[in-house]
J.: 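What follows is a structure written as structure tokens; I'll ask about it next.
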Amino acid sequence: MVKIKICGLKRLEDIEIVNKYRPDYMGFVFADTKRKVSHELARQLKDKLDPEIISVGVFVDAPKEEITELFENGTIEMAQLHGLESEDYIKDLKAMTDNKLIVIKAIEMSQDTDLLKYDSSNADYLLLDSGKGSGKTFDWRLIRKDLKKDFFLAGGLNKDNITQAIEEFEPYAVDLSSSLEVNGFKNEDKIKEIMEIINE
Ligand SMILES: O=C(O)c1ccccc1N[C@@H]1O[C@H](COP(=O)(O)O)[C@@H](O)[C@H]1O
């Protein structure tokens, strides 16, 4: 069954909502955007998170030490890399954590993307996205069905397009943020609705 990640949690209320509806993954954004959380806040929120929900840190070209510190102190279990991180950078992150950190490499999909080259990536998973939490879909015709690496599908997924996306592309996981917000905050009704669709 497809897994689901809900990203951009930043309040205790958000943690209480995901503990109730139980997605597989949740994301803390450490990049400099409207969803950014401090290390201290993320640590406090992680303490309240159901331990069965895997916490993912979202980074854009962060110093490797920032990621490994958050991993070692238990704030994150996986790292989602949304910048121009190289294969050597990913290899270093793995080596610095005795291969324990699970890495997702995000790819901003465009006509120029050579997706199949990422089959040999050092990352554990790929994440196909339109941008960085933009709420917009990319041209799904760019998804190669012969891609071998498991991927998270992200970018503008919502209650109206998620079923088609899952049926047509069979992603390992789907990843949502913008469509689950009202006035910039995660919304319980929207999360409940998407979890019902996923669990159908
Ligand atoms: O959400 C952000 O602020 C963000 C910042 C930097 C990198 C990635 C970010 N979000 C990622 O975007 C997708 C979901 O986006 P959408 O809002 O549903 O279109 C997800 O992978 C987030 O981790």
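Counting convention: from 1, in listed order, for ligands and their atoms alike. The figures here come from the full heavy-atom set of this structure, side chains too, leaving out hydrogens, waters and symmetry mates. As the structure is a prediction and not an experimental result, all values here were calculated from the model.
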J.: Determine, stepwise, if the pair N199 / M1 fulfils side-chain contact (heavy atoms from CB on, under 4.5 Å).
T.: CA-CA 9 Å; N199 291 326; M1 195 175 131; 3.4 Å; yes

J.: Say whether E108 and S130, considering side chains only, have a donor N or O and an acceptor N or O under 3.5 Å apart.
T.: no

J.: Just which atoms of ligand 1 are under 4.0 Å from any heavy atom in L127?
T.: 21 (O)

J.: One residue to check: C7. Relative to ligand 1, which of side chain, backbone, both or neither has a non-hydrogen atom less than 4.0 Å away?
T.: side chain

J.: Test salt bridge (Lys or Arg N to Asp or Glu O under 4.0 Å) on K192 and E196 and set out the steps.
T.: CA-CA 6 Å; K192 177 172 185 275; E196 282 170 359; 3.2 Å; yes

J.: Go through ligand 1 atom by atom and flag the ones less than 4.0 Å from a non-hydrogen atom of Q80.
T.: 21 (O), 22 (C), 23 (O)

J.: Where's the contact between K132 and ligand 1, heavy-atom distance under 4.0 Å: side chain, backbone, both or neither?
T.: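 Contact part for K132 vs ligand 1: both backbone and side chain.
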
J.: Run the side-chain donor-acceptor check on residues 95-107: report pairs under 3.5 Å with partners two or more places apart or on a different chain.
T.:
unit_1 : atom_1 : unit_2 : atom_2 : d
T97    : OG1    : L93    : O      : 2.9
T97    : OG1    : K94    : O      : 3.2
T97    : OG1    : L101   : N      : 3.3
K105   : NZ     : G83    : O      : 2.9
K105   : NZ     : E85    : OE1    : 3.3

J.: Is it true that the side chains of T75 and N73 contain a donor and an acceptor less than 3.5 Å apart?
T.: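 The criterion, which ignores hydrogens and geometry beyond distance, is satisfied for N73 and T75.
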
J.: G131 versus ligand 1: do any nitrogen or oxygen atoms come within less than 3.5 Å of each other?
T.: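 In this structure, G131 places no N or O atom under 3.5 Å from an N or O of ligand 1.
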
J.: Using a plain distance cutoff, I'd like to know if A31 has any nitrogen or oxygen under 3.5 Å from a nitrogen or oxygen of ligand 1.
T.: no

J.: May I ask you to decide whether D50 forms a salt bridge with R22, counting only side-chain N to carboxylate O separations under 4.0 Å?
T.: yes

J.: For atom 5 (C) of ligand 1, find the nearest protein heavy atom and state the residue, atom name and distance (0.1 Å precision).
T.: T33 CG2, 3.5 Å

J.: Looking at atom 17 (O) of ligand 1, what's its closest protein heavy atom, distance included?
T.: S178 OG, 2.4 Å

J.: With respect to G135, determine whether any N or O atom, backbone or side chain, lies less than 3.5 Å from an N or O atom of ligand 1.
T.: yes

J.: Check each heavy atom of K34 against ligand 1 and say whether those closer than 4.0 Å belong to the side chain, the backbone, both or neither.
T.: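 Neither; nothing of K34 gets under 4.0 Å from ligand 1.
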
J.: Under 6.0 Å from the six-membered ring centre of F152 and within 45° of its axis: does the NZ or CZ of K3 meet both?
T.: no

J.: Identify, for atom 18 (O) of ligand 1, the protein heavy atom at the shortest distance, and state residue, atom and that distance.
T.: S177 N, 3.0 Å

J.: Assigning hydrophobic clusters by single linkage (Ile, Leu, Val, Met, Phe, Trp, Tyr; side-chain heavy-atom cutoff under 4.5 Å), is L9 placed with L45?
T.: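 Yes; L45 is reachable from L9 via cluster members.
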
J.: Closest by any non-hydrogen atom to atom 13 (C) of ligand 1: pick that one out of D129, L180, V174.
T.: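 Selected option, by shortest heavy-atom distance: D129.
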
J.: Can you confirm whether the side chains of E66 and H39 place a donor and an acceptor under 3.5 Å from each other?
T.: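 The answer is yes; a qualifying pair exists.
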
J.: Can you list the ligand 1 atoms lying under 4.0 Å from a non-hydrogen atom of V58?
T.: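 Answer, ordered by atom number: 7 (C), 8 (C), 23 (O).
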
J.: Could you tell me the residue and atom name of the protein heavy atom closest to atom 15 (O) of ligand 1, and the distance to it rounded to 0.1 Å?
T.: G133 CA, 3.4 Å

J.: In terms of side-chain heavy atoms, does R35 have a donor or acceptor partner in S178 at a distance below 3.5 Å?
T.: yes

J.: I want to know if ligand 1 touches S179 in the polar sense, i.e. an N/O pair below 3.5 angstrom.
T.: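 Min N/O separation from ligand 1 is not below 3.5 Å for S179.
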
J.: Which atoms of ligand 1 sit under 4.0 Å from any heavy atom of G156?
T.: 16 (P), 18 (O), 19 (O)

J.: To check your reading of the model: name the closest protein heavy atom to atom 21 (O) of ligand 1, its residue, and the distance in Å.
T.: D175 OD2, 2.7 Å

J.: Have a look at I162 and tell me which of L153, I197, V2 forms a side chain to side chain contact (heavy atoms under 4.5 Å, CB included) with it.
T.: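 When side chain to side chain contact (heavy atoms under 4.5 Å, CB included) is applied between I162 and each of L153, I197, V2, only I197 qualifies.
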
J.: Among protein heavy atoms, which sits nearest to atom 1 (O) of ligand 1, and what does the distance come to when rounded to 0.1 Å?
T.: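 It is R35 NH1, 2.7 Å.
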
J.: Can you establish whether the number of heavy atoms outside R43 located under 6.0 Å from its atom CZ is more than 12?
T.: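 Enclosed.
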
J.: Tell me the contacting part of K36 for ligand 1: side chain, backbone, both, or neither, using a 4.0 Å heavy-atom threshold, strictly below.
T.: neither

